[in-house]
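Note that this is a predicted model, so its numbers are computed, not measured.
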Amino acid sequence: MSAPFHYATALDSSLKTAAATAGFDLALFAPEVRVAAAQHGDFQANGVLAYAKQTKQNPRAAAQTLVAALPAELTALADVAIAGPGFLNFTLKPAALEAWLAAYATPSALAAAAASASPIAGQTWVVDYSSPNTAKQMHVGHLRSAVIGEAVARIAAFAGARVIRDNHIGDWGTSFGKIIWAYKQALATDRAALEAALDATPLEEFERLYKVGNTAADADPAVLEASRAELVKLQSGDAENTAIWRRIGEVSVSAFQKIYDLFGIRFDHTLGESFYNDKVGRVYDEIQACGVAEESQGALVVFHDEHPRFSRHAERPNPFIVRKADGAANYASTDLATILYRAEHFAADASLYVVDKRQGDHFEQLFLTAQKWFEKTGRKLIRLEHLGFGTVLGEDGRPLKTRSGENIKLKDLLQEATDRARRLVDEKSGELPEAERAAIAEIVGIGSVQYADLAQNRSSDYTFSWDKMISLEGNTAAYLLYAVARLHSIFRKLEARPGDANTEAAATALETATELALARKLVQFADAQSQAVATLRPHVLCLYLYELAGVFSAFYGADKVGVDDAGVRARRLRLCARTLLVLETGLQLLGLRTLNRM
RNA sequence: GUGCUCGUAGCUCAGUUGGAUAGAGCAGCCGCCUUCUAAGCGGCCGGUCGUGGGUUCGACUCCCGCCGAGCACGCCA
């Protein structure tokens with residue numbers, strides 16, 4: 001017996017077949033199959049209610065007609081019941097659950113199934129995330145974009161998209177004039193000290209130089225003027241200034257990568273704002289020529305009169321400024337050039353921006369402008385989506401800062417997470433060797449930071465709490481990693497191997513309530529995965545994995561795997577193998593590393 | 001002022017895009033380790049879903065009013 005990856009989709013199409021047989025008006029009937037609350041079975045279909053209403057029938061009678069017409073392949077798969085006013089409830093038969101377990105037994109089988117059933121398979125998606133500024137260390141404000149962006153990229157790739165990860169770093173702007181000015185001052189004053197500092201902690205030193213330059217420019221107009229001159233030299237290609245600027249970029253990117261390594265992030269491209277310097281001219285020309293942009297107060301702007309808040313008639317007009325009055329580019333200019341580049345050069349079908357939701361207005365105007373621009377120039381617009389996320393708040397409900405009011409460095413935050421995890425590992429697993437405890441602490445600590453961020457709906461503000469995050473209970477990384485470690489432990493103790501062919505063949509039919517509950521939850525992976533793709537919200541996957549780990553833990557407590565009966569042992573080992581597969585696959589989609597012991 | 005987002009248990013959050021008796025975790029209380037990892041499991045307690053109307057077989061979900069919060073609004077990104 002083969003098994004569909006998405007039972008919900010299979011039920012949906014069977015219901016449509018039945019509806020045709022029963023003489024339903026197919027234009028009015030949509031089955032609306034979804035995962036049901038456990039007490040109602042595995043799936044429910046609510047579409048009969050809406051259909052009966054439109055056609056003025058008794059819903060229960062319509063449901064009965066439909067059920068009578070169900071094809072044999074569906075009734076072989078699941079028990080069907082009509083409930084309440086006309087809900088259809090489906091409970092998969094144990095054989096159907098077992099068929100799914102048999103069919104999706106390896107990482108490659110799971111991935112192939114997810115991709116083949118996916119609406120985005122074969123599409124090219126650019127995911128634009130992290131995007132820090134060079135010459136500054138990443139701080140807590142950069143956490144969510146990196147973590148959520150990586151999870152979204154992995155979820156899209158698993159669903160069969162060709163994913164291009166692009167780090168759109170902020171490597172251009174007025175700040176570089178000030179840094180270069182301060183750099184040259186330091187060079188003239190004490191060259192040896194400057195080089196020593198740049199050798200030891202290069203990014204920190206450039207960040208310090210920026211502050212020096214910025215403070216000096218604020219205090220002294222002559223410095224401000226000198227900084228501007230350095231900026232002009234940089235922009236006109238002066239060799240010395242360009243070399244300094246390049247070095248800033250290099251040390252920044254290599255410092256960023258140390259943090260990305262902890263999160264498992266590797267970008268395909270790091271095309272920052274500077275990359276689009278020579279590409280904005282074409283944008284200006286085109287959007288003026290096609291009448292999308294206009295001059296206003298010396299700047300090149302776009303109004304969207306059909307939207308009250310972007311209209312020229314608004315009380316406080318808020319145009320999309322594409323070129324500043326002084327002729328310089330801003331982020332609107334480079335963002336437009338970036339869309340064109342991704343459409344042309346990458347042949348992208350979609351471009352996703354994982355950026356703070358406070359920039360929602362900017363992206364709305366950007367997308368509206370791109371839409372009009374592409375339409376007037378006869379191009380096909382790609383899918384553009386702003387995946388906005390909320391602010392990281394402290395437990396006082398205000399944006400998270402250090403006690404002295406500074407931004408918390410991401411490096412420090414991750415170190416503290418690892419240190420806190422280490423204390424727990426020492427307490428709980430003191431018998432493990434030192435090196436392994438250190439490795440566990442890093443995976444649990446970093447994973448907790450990632451998971452705490454991902455587990456909540458990304459668009460809400462996120463209240464950061466050390467205690468809840470590192471906590472071992474509830475919907476946390478540690479709970480999931482613990483379930484994985486226990487699964488590995490079972491295989492170690494029983495000297496078994498996940499997916500072993502003899503064990504799979506010896507498995508007898510599922511019997512106990514906890515076995516069946518675990519099998520049911522495993523089958524729902526398909527629904528969680530596809531919903532995560534459809535909504536681009538990793539928390540739906542987190543929630544599913546948490547529930548799976550919970551059902552597994554209940555199974556673990558109720559049904560012992562290492563029993564004498566070979567058939568029982570084999571079927572429980574198979575359940576464990578599949579649980580391990582789905583948990584590890586899911587955690588990997590979120591960007592977390594897993595453990596064999598903890 | 002204009003607009004966007006939000007308000008669910010003491011706390012932190014879900015709620016499958018209008019479905020069934022609104023769900024978890026934490027905190028509190030009660031149980032469970034001579035058996036595969038107790039970083040675990042089982043149970044109890046806890047809600048007029050901010051508020052008042054409306055739409056309909058059905059509303060936490062959609063519409064309107066009010067109260068409260070956060071955010072964004074011309075040349076930073």
Rounded to the Å, how far apart are [X] [atom1] and [N] [atom2]?
X        : N     : atom1 : atom2 : value
A/Tyr479 : B/A24 : OH    : C1'   : 11 Å
A/Ile490 : B/C36 : CD1   : C1'   : 5 Å
A/Leu494 : B/U35 : CG    : C1'   : 12 Å
A/Phe555 : B/G42 : CZ    : P     : 14 Å
A/Gln54  : B/C57 : CD    : C1'   : 14 Å
A/Asp356 : B/G70 : CG    : C1'   : 12 Å
A/Phe176 : B/A77 : CZ    : C1'   : 12 Å
A/Arg316 : B/C75 : CZ    : C1'   : 15 Å

Within 45° of the ring axis of A/Tyr556 and under 6.0 Å from its six-membered ring centre, is that where the NZ or CZ of A/Arg486 lies?
yes
Tell me whether A/Lys178 forms a cation-pi arrangement with A/Tyr210, defined as NZ or CZ under 6.0 Å from the six-membered ring centre and within 45 degrees of its axis.
no
Donor-acceptor pair present, A/Thr391 side chain and B/G70 base, under 3.5 Å:
no
Any donor-acceptor pair under 3.5 Å between the side chain of A/Tyr331 and the base of B/A77?
yes
Relative to the 5' end of RNA chain B, which residue comes earlier, A/Asp326 or A/Tyr546, by the nucleotide with the nearest heavy atom?
A/Tyr546
On RNA chain B, nearest-nucleotide positions of A/Pro317 versus A/Val561: which is more 5'?
A/Val561
Roughly how many Å apart are [M] and [N], using the [atom1] atom of each and rounding to a whole number?
N     : M     : atom1 : answer
B/G47 : B/C66 : C1'   : 23 Å
B/C63 : B/G18 : P     : 10 Å
B/A27 : B/C44 : C1'   : 14 Å
B/G31 : B/G19 : P     : 42 Å
B/G46 : B/G25 : C1'   : 14 Å
B/A24 : B/C32 : P     : 24 Å
B/A22 : B/G40 : P     : 29 Å
B/A20 : B/G15 : P     : 15 Å

Name the nucleic acid region contacted by [X], choosing base, sugar-phosphate or nothing; use a 4.0 angstrom heavy-atom cut-off, strictly under.
X        : result
A/Lys560 : base
A/Glu547 : nothing
A/Gly562 : base
A/Asn596 : base
A/Asn58  : nothing

Distance check: side-chain N/O of A/Ser553 vs OP1/OP2 of B/C41, anything under 4.0 Å?
yes
Taking only side-chain nitrogens and oxygens of A/Lys324, does any of them come within less than 4.0 Å of OP1 or OP2 of B/C76?
yes
Quick one: sort the A/Phe43 and A/Tyr7 rings into parallel, tilted or perpendicular, breaks at 30° and 60°.
tilted
How would you list, by chain and number, every residue that makes a salt bridge (Lys or Arg N to Asp or Glu O under 4.0 Å) with [X], sequence neighbours excluded?
X        : result
A/Asp559 : A/Arg572
A/Arg323 : A/Glu295
A/Arg437 : A/Asp426

Is any side-chain heavy atom of A/Gln524 closer than 4.5 Å to one of A/Leu548?
no
With side chains defined as the heavy atoms from C-beta onward, is the minimum distance between A/Gln137 and A/Glu207 less than 4.5 Å?
yes
Per [X] side chain, nearest of listed nucleotides [options]:
X        : options             : value
A/Ser429 : B/G74, B/G40, B/A39 : B/A39
A/Glu273 : B/C36, B/A77, B/G74 : B/A77
A/Ala554 : B/G42, B/A77, B/C73 : B/G42
A/Phe303 : B/C75, B/G40, B/G74 : B/G74

Let me check I have this right: for RNA chain B, each base becomes ., (, ), [, ] or |, based on Watson-Crick or G-U pairs with both distances under 3.5 Å. What is the full string?
(((((((..((((.....[...)))).(((((.......))))).....(((((..]....))))))))))))....
Measuring centre to centre across the rings, with the benzene-like ring taken for any Trp, is A/Phe552 within less than 6.0 Å of A/Tyr482?
no
Ring centroids only, cut at 6.0 angstrom: are A/Phe320 and A/Phe310 within range, meaning strictly under it?
no
Is A/Glu495 salt-bridged to A/Lys493, going by a charged N under 4.0 Å from an acidic O?
no
Can A/Asp564 and A/Arg569 be counted as an ion pair, charged N to O under 4.0 angstrom?
no
Distance alone, cut at 3.5 Å: any donor-acceptor contact between the side chains of A/Ser274 and A/Asp171?
yes
Main-chain N/O of A/Gln359 paired to A/Asp356 side chain as donor or acceptor, under 3.5 Å
no
Would you mind telling me which of A/Glu436, A/His488, A/Arg492 makes a side-chain hydrogen bond (donor to acceptor under 3.5 Å, both in side chains) with A/Asn596?
A/His488
For every nucleotide of nucleotides 13-22 of chain B, 5' to 3': is a protein heavy atom under 4.0 Å from its base (B), only from its sugar-phosphate (S), or from neither (-)?
SSSBS-BB--
Under a 4.0 Å heavy-atom criterion, the protein footprint on nucleotides 2-10 of chain B, written with B, S and -, is -S-------
Torsion-based syn/anti label for B/U61, 90° from 0 as limit
anti
Per the O4'-C1'-N9-C4 / O4'-C1'-N1-C2 angle with a 90° window around 0, B/C13 comes out anti
